[in-house]
Amino acid sequence: MKPADRAEPEAQLERIHEALLRPEPTPAVERILHKALDGHRISYEEGCVLMREGDLGSLGLVAGEITRRFHPDNIVTFVVDRNINYTSVCVTDCKFCAFYRHEKDPDAWVLSHEEILQKVGELAATGGTQVLIQGGHHPKLPFAYYTEMCRLIKRHYPQVAIHSFSVSEIRHFARAYKMPVREVIERLKEAGLDSVPGAGGEVLADRPRRIIAPLKDPARDWLETYELIADCGLRGSSTMMFGHVETLEERVEHLLRLREVQDRTAEKHGVGVFWSFICWTFQPGNTPLVAEGLHNGVATSSYEYLRTLAVARIFLDNIPNIQASWVTQGVRIGQISLDCGCNDFGGTMMEENVVAAAGTIYHATPADAIRLIRDAGKIPARRNTFYEILETY
Ligand code: SF4
């Protein structure tokens, strides 16, 4: 494992272990958790009670049990992948983002197709099967830059799945190139896009979105785009980035909206559009949100991360896979999250720039992922983008 540049605070880990050993549910939390364990869907209001009052011990216990029902084989999957950020140039100026630059900034960059192909080649040489390509909302790159990029990757590395372009990028393309959103998705798919990562959702409630990302589309548009993605025969992952200015109720509203889209797309297409859900905490380092005094600069604790994750596992009864966010939380919390609702360790991420820009960098090789999953008492398995198991260890 490459050294993490931030030690995981021992005090937090002690508090988490203590909480997991001693569940202390309030009567209301206990009633709702029993309902979930009996296989009934919990309501928005009940989700809010769990989010407000639920203790980590009780939530983790029930989330772990629900995970076992989804995945009785005790397998925890991971994918060998690489993030590639094709440009840091962005016109959307999200206040939680430490990554973007304006076109004229001296340290702004755009990768050439040759550079991108070289990075995909390095991934393919290690047996990697997925590339997660995302970038800023560049105002001037032609649409052919993106479609040609996909075609080249497919031509040279057909074994690598393109799990790329967030919904906010897709909507940016539609605006910039004056195309219907559906046409953007269709043309990217035709060029080789295999799956869409859920980034850009942040928290799908308009009040916090207006504060943290005032130039991004409202929540409704993000959700509708996923319905179009399903109509075009693609699937993707869902996400939540929390711990900035949202309320606990807005976190549950976010989960509710995802659950509704999953229901609707499953009804229409026989399978829900979301492969998975992954949540991570806002990383405040170097962000305008802190510089403008809209956030105190203290990252949400790992305890709160695990609590929110467990509520998500219990609430999202129609999304099969929940991914750990060890990139923001570190590998030890990533391991603990496997007992609080996660069944997937995500990507080994040969390269990561966005979270790193906020000062948080954790890396794991495939060998690390196998060891960490095994040490957590689970069976490690390498998967592809489509959650098909390629190899069990
Ligand atoms: S999060 Fe994405 S869209 Fe927002 S400023 Fe950063 S790069 Fe641009």
Side-chain angles (χ1 to χ4, degrees), residues 84-97 99-103 108 110-111 113 116 131-154 161-206 209-210 212-241 254 257-258 260-262 264-265 268-269 273-275 354:
I84 298 177
N85 301 114
Y86 52 85
T87 182
S88 61
V89 174
C90 189
V91 290
T92 304
D93 296 8
C94 298
K95 292 184 190 294
F96 62 85
C97 180
F99 168 76
Y100 76 89
R101 296 291 180 271
H102 290 147
E103 213 182 347
V110 177
L111 295 185
H113 285 161
I116 291 170
V131 68
L132 202 166
I133 304 173
Q134 297 188 120
H137 298 173
H138 196 293
K140 293 193 187 137
L141 289 172
F143 191 51
Y145 171 84
Y146 306 99
T147 50
E148 191 53 22
M149 176 200 299
C150 292
R151 282 202 183 88
L152 283 167
I153 292 170
K154 282 294 169 193
I162 305 180
H163 174 60
S164 301
F165 307 120
S166 65
V167 162
S168 61
E169 283 162 280
I170 288 172
R171 297 193 66 85
H172 165 70
F173 300 157
R175 259 191 309 273
Y177 311 119
K178 301 191 177 19
M179 259 191 273
V181 175
R182 180 189 285 268
E183 189 182 334
V184 171
I185 300 165
E186 282 169 350
R187 286 176 63 175
L188 288 172
K189 183 184 175 194
E190 196 247 330
L193 180 66
D194 292 296
S195 170
V196 180
E202 332 313 354
V203 166
L204 294 165
D206 287 334
R209 281 180 88 75
R210 277 194 292 270
I212 65 169
L215 299 180
K216 265 192 181 146
D217 292 313
R220 190 193 56 239
D221 293 349
W222 191 96
L223 293 158
E224 279 176 10
T225 304
Y226 259 106
E227 299 204 29
L228 286 174
I229 287 166
D231 289 345
C232 293
L234 288 174
R235 297 176 72 189
S237 41
S238 60
T239 64
M240 175 168 75
M241 194 258 313
H254 177 102
R257 300 290 168 239
L258 295 180
E260 289 169 346
V261 169
Q262 187 77 337
R264 276 200 294 276
T265 52
K268 194 167 173 190
H269 302 286
V273 71
F274 298 125
W275 309 107
V354 177

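Below, each value reflects all heavy atoms present in this structure, side chains not excepted, and no hydrogens, waters or symmetry copies. Along the sequence shown, residues are numbered consecutively beginning with 1. This is a predicted model, so every value here is computed, not measured.
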Next on the checklist: If you apply the rule side-chain contact (heavy atoms from CB on, under 4.5 Å), what do you find for I133 with I153, and how did you get there?
Outcome noted: CA-CA 11 Å; I133 304 173; I153 292 170; 3.5 Å; yes
Checklist entry - Within the side chain of S237, is there an N or O that forms a donor-acceptor pair under 3.5 Å with the backbone of W275? => result no
Item to check | side-chain contact (heavy atoms from CB on, under 4.5 Å) assessment of T92 paired with H172 | outcome: CA-CA 9 Å; T92 304; H172 165 70; 5.5 Å; no
Next on the checklist: Run the salt bridge (charged side-chain N to carboxylate O under 4.0 Å, His left out) test on E190 and R187 for me, step by step, so that the C-alpha distance in whole Å, both residues' side-chain angles and the decisive distance to 0.1 Å come before the verdict.
Outcome noted: CA-CA 5 Å; E190 196 247 330; R187 286 176 63 175; over 6 Å; no
Checklist entry - Has the side chain of T87 got a donor or acceptor atom that lies under 3.5 Å from a matching backbone atom of V89? => result yes
Next on the checklist: Given 3.5 Å as the limit, does a donor-acceptor pair link the side chain of T239 with the main chain of G198, or not?
Outcome noted: yes
Checklist outcome for this item: CD1 (I116) and CD1 (I84) are apart, to the nearest 0.5 Å, by 6.5 Å
Item to check | Closest non-hydrogen atom pair, A174 against P180 | outcome: CB-C, 4.4 Å
Checklist entry - Would E227 and R264 pass as an ion pair if we require N to O under 4.0 Å? => result yes
Checklist entry - When you check the side-chain N and O atoms of W222 and S168, is any donor under 3.5 Å from an acceptor? => result no
Next on the checklist: Could you check whether K154 pairs with D194 (Lys NZ or Arg NE/NH1/NH2 to Asp/Glu carboxylate O, under 4.0 Å)?
Outcome noted: yes
Checklist entry - Rounded to the nearest 0.5 Å, how far does CZ of R171 lie from CD1 of I185? => result 9.0 Å
Next on the checklist: Please report the interatomic distance CZ(R182) to CD1(I229), rounded to the nearest 0.5 Å.
Outcome noted: 11.5 Å
Checklist entry - Can you tell me how far OG1 of T147 sits from CG of L193, rounded to the nearest 0.5 angstrom? => result 11.5 Å
Next on the checklist: S195 vs R235, test: side-chain hydrogen bond (donor to acceptor under 3.5 Å, both in side chains). Steps then yes/no.
Outcome noted: CA-CA 5 Å; S195 170; R235 297 176 72 189; over 6 Å; no
Checklist outcome for this item: Looking only at heavy atoms, the pair that brings I170 and T225 closest together is CG2-CG2, 4.4 Å
Item to check | CD-SG distance between E186 and C232, expressed to the nearest 0.5 angstrom | outcome: 4.5 Å
Checklist entry - What distance separates K95 NZ from L215 CG, expressed to the nearest 0.5 Å? => result 8.5 Å
Next on the checklist: Classify the ring geometry of F143 against Y177: parallel below 30°, tilted from 30° to 60°, perpendicular beyond 60°.
Outcome noted: tilted
Checklist outcome for this item: On a heavy-atom basis, the closest approach of A219 and D206 is N-OD1, 3.0 Å
Item to check | Y86 side chain to E169 side chain, donor-acceptor N/O pair below 3.5 angstrom | outcome: yes
Checklist entry - Counting N and O atoms only, with roles assigned by atom type, does the side chain of R209 sit under 3.5 Å from a partner on the main chain of D217, one being a donor and the other an acceptor? => result yes
Checklist entry - Aromatic ring centroids of H138 and Y145 under 6.0 Å? => result no
Checklist entry - So, are K268 and D231 salt-bridged, with charged N and O less than 4.0 Å apart? => result yes
Next on the checklist: Tell me the closest heavy-atom pair linking S88 and A108, and the distance in Å.
Outcome noted: OG-CA, 3.5 Å
Item to check | Chi angles and distances behind the salt bridge (charged side-chain N to carboxylate O under 4.0 Å, His left out) call for E103, K140 | outcome: CA-CA 9 Å; E103 213 182 347; K140 293 193 187 137; 3.1 Å; yes
Checklist entry - Quick one: does H254's side chain have a donor or acceptor within less than 3.5 Å of a partner on L204's backbone? => result yes
Next on the checklist: Any side-chain to backbone donor/acceptor pair from S166 onto Q134? Under 3.5 Å, distance only.
Outcome noted: no
Next on the checklist: Please check: side-chain N/O of Y226 versus main-chain N/O of V167, any donor-acceptor pairing under 3.5 Å?
Outcome noted: no
Checklist entry - If you look at every heavy atom in H102 and Y100, which pair is closest and at what distance? => result NE2-CE1, 3.8 Å
Checklist entry - Looking only at heavy atoms, what is the nearest atom pair of E202 and F96, with distance? => result OE2-CZ, 3.3 Å
Item to check | side-chain contact (heavy atoms from CB on, under 4.5 Å) assessment of V203 paired with M240 | outcome: CA-CA 6 Å; V203 166; M240 175 168 75; 4.2 Å; yes
Checklist entry - Hey, mind stepping through V131 and H163 against side-chain contact (heavy atoms from CB on, under 4.5 Å) and telling me if it holds? => result CA-CA 6 Å; V131 68; H163 174 60; over 6 Å; no
Checklist entry - Below 4.0 angstrom, N of the basic side chain to O of the carboxylate: do K216 and D93 qualify? => result no
